[in-house]
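Just so we're on the same page: letters track the sequence lines, and every chain starts at 1. Only a predicted model underlies this, so the values are computations on that prediction, with no experimental measurement involved.
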Amino acid sequence: MIFENKYIQQRIEKANTLKDAGYNPYANDSKRNTTIEKYLNVNSDVAEMENKRDEKRHYIVSGRIKFLRIMGKASFVKIEDESGMLQVYITRDNLPEGFYNEIFKKNIEVGDIIEVGGFPFVTGKGELSLHVDSFKLLTKAISPLPEKFHGITDKEIRYRKRYLDLIMNAEVRKTFQIRSRVISLTRRFFEDKGFLEVETPMMHPIAGGANAKPFVTHHNALGVDRYLRIAPELYLKRLIVGGFEAVFEINRNFRNEGMDATHNPEFTSIEFYWAYKTYKDLIEITKEYFQYLFEHLNLPTLLPYGDLEVNFANFQEIPLIESLTTVGGVPADVTKDKERIIAYLNEKGITVKPGMNLGQLQGELFDEFVEKKLIDPTFITEYPVEISPLARRNDEHPEITERFELFIAGREIANAFSELNDPIDQLARFEGQMAAKESGDDEAHEMDSDFVEALSYGMAPTAGQGIGIDRLVMLLTNEHSIRDVLLFPAMKPVQEENTKEDEE
RNA sequence: GUCCUGUUAGCUCAGCUGGUAGAGCACGUCACUUUUAAUGAUGUGGCCGAUGGUUCGAAUCCAUCACAGGACACCA
């Protein structure tokens, strides 16, 4: 039985006592007429009054009891609603005969949700409070809350029982409010720019648009397997073919890979595609987007992140090859030669998989020596074509693509490029990926011939970008684990014990 | 996937080189009409993550398993 714990039994007893005395422990006729935040704002003038009270005003507020201090015939109770915390002052003589001693003191406790009415006053210690003349239990909590001072710190409980984390930790609520604001602002920013929000399938016949292992599910009626999408890219580009010139989608992607501080199997991204633009335009709109977020979230330009300080007034732009030398300290002549890169990496104690091509090796150098050093926002541009199967080649230098990734605080935040719209080249790139897949790269991109056919009807020159919303929120809220910006991060199931006896 | 660390009361944590399981908060009872983690008195509360092993004796030592956190690998 899940309620066999003695503390819970005790509280169930209290709920029953209340019920027997005619007080519904789960009443629903709330008469609340203000929130705590509004109450505190509206009555802030009471402190200036002569008696430090205004008995002509009357408010009804509701909230969960977080602190309960009973002192004989009077009590101080701190209640909390979504907007804030309020101290209420309850006395025996201001409530109906017997209520205070028999009902309130014996059956109401921390965790219960109550509703109180009364007038504003300021205590001797200067705290604006509510002088209670009516009291009502709205909801009895039969499980006790965690300890009031330390709260709940066990990460496993915090993630598995997020509701407890939210009850106990105001700053966690704050983080998720900011997350919501970021998504809302993102939506508004792109809508204001004339982008159309669209929804494309979450279940794909071919897992395309990125290099990643998909989750597989099965559609019974069609008798086919489907893949949870790893990226919406190829569908969004089909819409550009169809004639929409600016589209975006904010939604979940799913990747069947390892989990750690920056990876969850389902994560949220925004992808947007913009016809008649290039990746250079994307750099500009990205800067504008950050400015917009910072302005509306009231964030400082010098944003602290852990031990770092990120200067959002200092956007840099460096071609990838150049960054290997200027940031990574790799000798320039090493960076353009396969064998020399392998030798250099080996010299630094890094072994590389056999059969890597030049572009992949340059990517390896970047990951190893550059990425972590990019603290202020940096657009790394001109990626090798071998590691950019969906990006447009540079006209003068066909071995590089018109692409950038944005790095902030040593972490990738966005990936963007001028889209490859040459169907013949796209087909060849897919074939290259197929070859890589056959030689063992199980994350190589899948062939999507329907997408190639779509391109064959002509996709206007287009630039597209993806931004990882979770990582962005981590950055803006100074959180260092993706689990702290996901309400319900992925966790292994815990197997129930003692279930044998309870079930037949 | 691999390695390291952790798992003791509802919560936060002690528990040495093996010898009857501890504190604070919470909860019960009593006192208290301006407290701020209220206070004072008093009491209840544990399959020491699970299963095996070593031992006269295991929360403690060993093995396996489960879950978590961190690091590495791969990815975003």
Peer 1: Please check if the number of heavy atoms outside Glu171(A) that lie under 6.0 Å from its CD is greater than 12.
Peer 2: yes
Peer 1: Rounding to an integer number of angstrom, what distance separates G49(B) and A9(B) when you compare their P atoms?
Peer 2: 8 Å
Peer 1: Taking only the C1' atom of each, what is the distance from C47(B) to G1(B) in whole angstrom?
Peer 2: 34 Å
Peer 1: Need the pair for U36(B). Rule: Watson-Crick or G-U wobble, both distances under 3.5 Å, any strand; none if unpaired.
Peer 2: none
Peer 1: Kindly check if the number of other-residue, nucleotide or ligand heavy atoms within 6.0 Å of CE (Met259(A)) is above 12?
Peer 2: yes
Peer 1: Compute the ring centroids of Phe272(A) and Tyr289(A), then answer whether they are less than 6.0 Å apart.
Peer 2: no
Peer 1: With rounding to whole Å, what would you report as the distance between G10(B) and C27(B) at their C1' atoms?
Peer 2: 9 Å
Peer 1: Using whole Å, what does the distance between atom P of nucleotide C72(B) and atom CG of Asp260(A) come to?
Peer 2: 9 Å
Peer 1: Quantified in whole Å, what is the P atom distance between nucleotide G46(B) and nucleotide U8(B)?
Peer 2: 16 Å
Peer 1: Please table the atom pairs, donor to acceptor, closer than 3.5 Å between any side-chain atom in residues 361-371 of chain A and protein atoms at least two apart or in another chain.
Peer 2:
unit_1, atom_1, unit_2, atom_2, d
Gln362(A), NE2, Thr335(A), O, 2.9

Peer 1: Which protein N or O atoms sit under 3.5 Å from an N or O of nucleotides 27-30 of chain B?
Peer 2:
unit_1, atom_1, unit_2, atom_2, d
C27(B), O2', Gln10(A), OE1, 2.0
C27(B), O2', Gln10(A), NE2, 3.1
G28(B), OP1, Lys14(A), NZ, 2.2

Peer 1: Is it the case that the ring center of Phe121(A) lies less than 6.0 angstrom away from the ring center of His131(A)?
Peer 2: yes
Peer 1: Quick one, which residues of residues 125-136 of chain A touch RNA chain B with a heavy atom under 4.0 Å?
Peer 2: Lys125(A), Glu127(A)
Peer 1: For G6(B) versus C13(B), give the span between their P atoms, rounded off to a whole number of Å.
Peer 2: 14 Å
Peer 1: Categorize Asn264(A) for me: base, sugar-phosphate, or nothing, with a 4.0 angstrom heavy-atom threshold over every strand shown.
Peer 2: base
Peer 1: Side chain of Arg69(A) only, heavy atoms from C-beta on: which candidate in C25(B), U35(B), A76(B) is closest?
Peer 2: U35(B)
Peer 1: So, is Lys148(A) close to the A26(B) phosphate, meaning a side-chain N or O under 4.0 Å from OP1 or OP2?
Peer 2: yes
Peer 1: Just checking Gly124(A): base, sugar-phosphate only, or nothing, at a heavy-atom cut-off of under 4.0 Å?
Peer 2: base
Peer 1: Between Asn94(A) (CG) and U34(B) (C1'), how many Å, whole number?
Peer 2: 14 Å
Peer 1: Would you mind classifying the nucleic acid contact of Lys78(A) as base, sugar-phosphate or nothing, using non-hydrogen atoms under 4.0 angstrom?
Peer 2: base
Peer 1: Both Glu257(A) and Ala261(A) contact RNA chain B. Taking the nearest nucleotide for each, which residue is further toward the 5' end?
Peer 2: Ala261(A)
Peer 1: Phe417(A): what forms a ring pair (Phe, Tyr, Trp, His ring centres under 6.0 Å) with it, not counting sequence neighbours?
Peer 2: none
Peer 1: Output side-chain donor-acceptor pairs under 3.5 Å for residues 67-76 of chain A, partner residues at least two apart or in another chain, one line each.
Peer 2:
unit_1, atom_1, unit_2, atom_2, d
Ser75(A), OG, Tyr100(A), OH, 2.7

Peer 1: Can you check the distance between G43(B) and G52(B), where both ends of the measurement are the C1' atom (answer in whole Å)?
Peer 2: 39 Å
Peer 1: Would you say the side-chain atoms of Arg229(A) pair up with the backbone N or O of His204(A), donor to acceptor, closer than 3.5 Å?
Peer 2: no
Peer 1: Which one is paired to C13(B), where only Watson-Crick or G-U wobble pairs with both distances under 3.5 angstrom count?
Peer 2: G22(B)
Peer 1: Under a 3.5 Å limit for both distances, which nucleotide forms a Watson-Crick or G-U wobble pair with C48(B), could you say?
Peer 2: none
Peer 1: Assess whether side-chain hydrogen bond (donor to acceptor under 3.5 Å, both in side chains) is satisfied between Asp484(A) and Tyr159(A), documenting all intermediate values.
Peer 2: CA-CA 8 Å; Asp484(A) 291 319; Tyr159(A) 298 146; 2.9 Å; yes
Peer 1: Distance check, P atoms only: A23(B) and U17(B), in whole angstrom units.
Peer 2: 22 Å
Peer 1: Only pairs with both distances under 3.5 Å count, Watson-Crick or wobble alike; so what is the partner of A73(B) in this structure?
Peer 2: none
Peer 1: Let me spell it out: for each of Met491(A) and Lys213(A), pick the nucleotide of RNA chain B with the closest heavy atom. Which residue's pick is nearer the 5' end?
Peer 2: Met491(A)
Peer 1: May I ask you to check whether Phe215(A) and Tyr227(A) place their ring centres under 6.0 Å from each other?
Peer 2: no
Peer 1: Kindly say whether the aromatic ring centers of Phe195(A) and Trp274(A) come within a distance under 6.0 Å.
Peer 2: yes
Peer 1: Could you tell me whether Arg53(A) contacts a base, only the sugar-phosphate backbone, or nothing, with contacts defined as non-hydrogen atoms closer than 4.0 Å?
Peer 2: base
Peer 1: Expected output is a numbered-order residue list: members of residues 160-168 of chain A with a heavy atom under 4.0 Å from any atom of RNA chain B. What is it?
Peer 2: Arg160(A)
Peer 1: May I ask you to say what Thr153(A) touches in the nucleic acid, namely base, sugar-phosphate or nothing, with a heavy-atom cut-off under 4.0 Å?
Peer 2: sugar-phosphate
Peer 1: Categorize Ser269(A) for me: base, sugar-phosphate, or nothing, with a 4.0 angstrom heavy-atom threshold over every strand shown.
Peer 2: nothing
Peer 1: If I take atom CZ in residue Phe76(A) and atom C1' in nucleotide U35(B), what distance separates them, rounded to the nearest angstrom?
Peer 2: 5 Å
